[in-house]
Number of protein chains: 4
Amino acid sequence: MIASKGLGAAATAAIAKEAGVSNGSLFVYFVSKAALLNELYVQLKTEMGDAAVADLPAAGSARELVRHIWTRWLRWATSNPDKRRTLAQLEVADEITLESHQLVREGQRRMAELMERSRATGPMKDEPISFVLLIVGAIADTTIDAMIRDPDSASARSDVAFEAVWRVLAG
Amino acid sequence: MIASKGLGAAATAAIAKEAGVSNGSLFVYFVSKAALLNELYVQLKTEMGDAAVADLPAAGSARELVRHIWTRWLRWATSNPDKRRTLAQLEVADEITLESHQLVREGQRRMAELMERSRATGPMKDEPISFVLLIVGAIADTTIDAMIRDPDSASARSDVAFEAVWRVLAG
Amino acid sequence: MIASKGLGAAATAAIAKEAGVSNGSLFVYFVSKAALLNELYVQLKTEMGDAAVADLPAAGSARELVRHIWTRWLRWATSNPDKRRTLAQLEVADEITLESHQLVREGQRRMAELMERSRATGPMKDEPISFVLLIVGAIADTTIDAMIRDPDSASARSDVAFEAVWRVLAG
Amino acid sequence: MIASKGLGAAATAAIAKEAGVSNGSLFVYFVSKAALLNELYVQLKTEMGDAAVADLPAAGSARELVRHIWTRWLRWATSNPDKRRTLAQLEVADEITLESHQLVREGQRRMAELMERSRATGPMKDEPISFVLLIVGAIADTTIDAMIRDPDSASARSDVAFEAVWRVLAG
DNA sequence: TATGAATGAGGTTTCATTCAT
DNA sequence: AATGAATGAAACCTCATTCAT
């Protein structure tokens with residue numbers, strides 16, 4: 001619902017109906033609409049993070065590992081455009097608390113560690129890792145949007161963007 | 001108001017009060033709340049674009065010109081954190097029409113031309129210029145946020161991020 | 001409320017208060033104010049039509065049957081001056097849709113059939129039945145208003161008006 | 001404006017614009033919107049009444065005189081459908097004061113006198129003349145509406161309706 | 001006298017939340 | 001635990017009227 005109509009048009013009554021439960025039941029499980037949104041946000045973000053680091057080989061060069069993550073990340077997003085779009089909306093919603101944002105950052109520690117290795121000797125070696133992660137995330141999101149908008153060039157765009165990311169990280 | 005409380009909390013009554021006019025007067029000048037937001041969006045975006053390309057020297061290497069833009073751009077954003085935050089909210093608001101987004105894109109043609117020259121021989125030479133612009137914009141926004149969050153390192157962060165952008169564009 | 005203050009003064013808030021429910025509850029049962037008015041119109045008009053043809057004897061001359069209807073019709077209207085006044089307002093309200101007007105016409109088919117028989121050999125035999133019905137309705141409404149305005153002469157006026165109607169129909 | 005959009009959609013601002021004067025000027029000449037509507041009502045009704053009794057021959061049978069009025073009356077209404085429609089709206093508007101309604105009745109004394117002669121020996125001789133006038137007016141309005149709706153049969157309908165009116169009046 | 005910007009009360013409608021069943 | 005009717009605050013918007021110029 002959020003993906004198609006936007007956050008503003010997602011009334012609790014409509015959400016409950018779509019979920020096949022009654023209006024009141026929604027508030028049995030979520031103390032408020034904000035709580036529901038926060039939980040949804042953390043869950044989607046976690047799912048995305050898990051998808052990105054799934055099947056990560058134990059060994060391999062830093063480039064190979066980042067490439068692995070990059071590919072899974074973008075694949076998840078383009079395979080789940082609704083979830084991706086919902087995430088984009090929730091990311092900037094002011095109902096999402098600081099706690100949720102922090103919780104999510106915890107869940108992406110695995111990815112952070114990998115980035116850490118990749119940029120350790122590169123030109124961004126003195127920046128906070130959180131900043132580096134945000135930069136890479138921003139590029140990824142932009143790439144994903146372009147891929148969804150223009151599926152025919154999706155694969156090529158993903159490759160070019162990965163090279164750009166690698167130049168950012170490793171020079 | 002939008003900057004501090006978010007778009008959801010910006011009721012027309014509150015906006016009018018803040019502006020020192022009556023509720024009704026607001027609708028004398030803007031046909032609807034959406035119209036107000038769209039006009040605000042276009043105006044802020046135009047102001048930002050103008051600030052970025054102000055005092056652009058007639059000659060100079062592509063790198064110097066992009067550096068010039070980058071500096072002004074980030075300076076405007078960090079000097080006007082409220083406007084920057086408002087813009088970030090409006091960018092994803094669904095009240096903003098396609099027309100406004102297109103109008104804004106027209107206004108940034110100057111920047112687009114410069115980017116065009118910079119990436120013409122680089123690794124992104126075959127991508128649509130709109131995609132390249134979006135990538136650079138995403139990096140800029142992320143950098144701006146970091147600069148506002150941590151003003152002490154703002155200057156250093158801006159420099160490092162510019163180098164990253166240059167690597168993205170020119171290899 | 002409509003009867004006493006007019007349609008313009010019947011705010012949904014006032015209607016809800018009068019009905020003993022909250023403002024919001026009104027919109028649980030009626031999708032909009034227009035929907036409420038339309039439903040009210042159809043219901044009142046149906047009630048009036050039903051009252052007019054109630055207890056209609058199976059046999060009898062055309063004149064007797066029309067007289068029967070005339071009497072019941074005027075009795076209903078004078079016994080329910082509020083409903084009658086409301087109906088008069090709704091009849092010309094532009095919130096009432098074409099659908100509602102047509103729906104109402106269906107419901108008065110019984111009356112139409114009787115009129116049909118009455119004017120079949122009279123001077124209006126070549127006019128559309130809808131026109132004949134409207135003429136009779138206009139005379140009835142005018143008579144009802146006069147009866148409400150001056151209750152003492154109500155009975156006499158009803159009789160005289162019926163004779164006039166009969167002259168219109170049957171010559 | 002009232003004719004086309006209905007009374008509800010005739011805002012003073014729109015009326016002023018249509019009239020080619022400023023918003024404020026309207027209130028220089030009319031103390032309130034209600035005053036404007038009342039004046040319009042009286043004026044239109046007077047115009048209609050005047051049109052009906054224009055060129056009235058000094059002599060002639062009662063039937064001929066009523067026929068004369070009937071013809072002019074319906075001609076005016078069908079030639080000025082906008083005015084007729086406006087009048088229909090104003091007739092039931094609750095902004096129109098009792099004074100205006102009475103004023104109008106004065107203006108129709110000429111017509112009343114004629115009706116008086118026509119029904120003097122007929123079956124409605126004992127009814128108040130105001131009631132008789134209202135009945136005739138109701139039939140006229142219904143006929144006019146039918147004529148506007150179906151211009152092809154307008155002439156025939158006018159004739160048939162006049163005969164009906166005559167039967168009402170003179171038996 | 002003419003103007004038109006400013007006003008603010010009032011209208012309809014939405015929706016997160018509650019609570020008796 | 002599940003329900004869904006009821007709620008009322010708050011949102012957006014309209015418009016008759018005023019008044020300084």
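Quick caveat, the model's predicted, so the values are computed rather than measured. Quick note on labels: first sequence line is chain A, next is B, and so on, each numbered from 1.
- Taking atom CG of A:L26 as the reference point, atom P of F:dA1 lies 15 Å away to the nearest angstrom.
- Atom CG of D:L26 sits about 6.5 Å away from atom OG1 of D:T12, to the nearest 0.5 Å.
- Separating the CG atom in B:D50 from the CH2 atom in B:W76 is a distance of 10.5 Å, to the nearest 0.5 Å.
- When only modelled atom types and interatomic distance are considered, D:E95 and D:Y41 share no side-chain donor-acceptor pair under 3.5 Å.
- A donor-acceptor distance shorter than 3.5 angstrom exists from the side chain of C:K33 to the backbone of C:A10, with no hydrogens or angles considered.
- As a whole-Å value, the separation of C:I15 CD1 from E:dG10 C1' is 14 Å.
- The distance from atom NZ of B:K17 to atom P of F:dA11 is 12 Å, rounded to the nearest whole Å.
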Could you go through nucleotides 14-18 of chain F and list every protein N or O atom that sits under 3.5 Å from one of its N or O atoms, giving the distance for each pair?
unit_1	atom_1	unit_2	atom_2	d
F:dA16	OP1	D:K33	NZ	2.9
F:dA16	OP2	D:T12	N	2.5
F:dA16	OP2	D:T12	OG1	2.7
F:dT17	OP2	D:K33	N	2.8
F:dT17	O4	D:N23	ND2	3.2

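- Residue D:Y29 places at least one side-chain N or O under 4.0 Å from the OP1 or OP2 atom of E:dA2.
- Taking atom CG of residue A:L7 and atom C1' of nucleotide E:dA16, one finds them 14 Å apart after rounding to whole Å.
- Of the nucleotides present, F:dA2 is the one that pairs with E:dT21 by Watson-Crick or G-U wobble criteria, both distances under 3.5 Å.
- Side chain of C:S25 to backbone of C:V21: no donor-acceptor contact under 3.5 angstrom is found.
- Distance, B:F30 CZ to E:dA5 P: 14 Å, rounded to whole Å.
- Expressed to the nearest 0.5 Å, how far OG1 of A:T78 lies from CG of A:D145 amounts to 11.5 Å.
- Nucleotide F:dG8: paired with E:dC15 (Watson-Crick or G-U wobble, both distances less than 3.5 Å).
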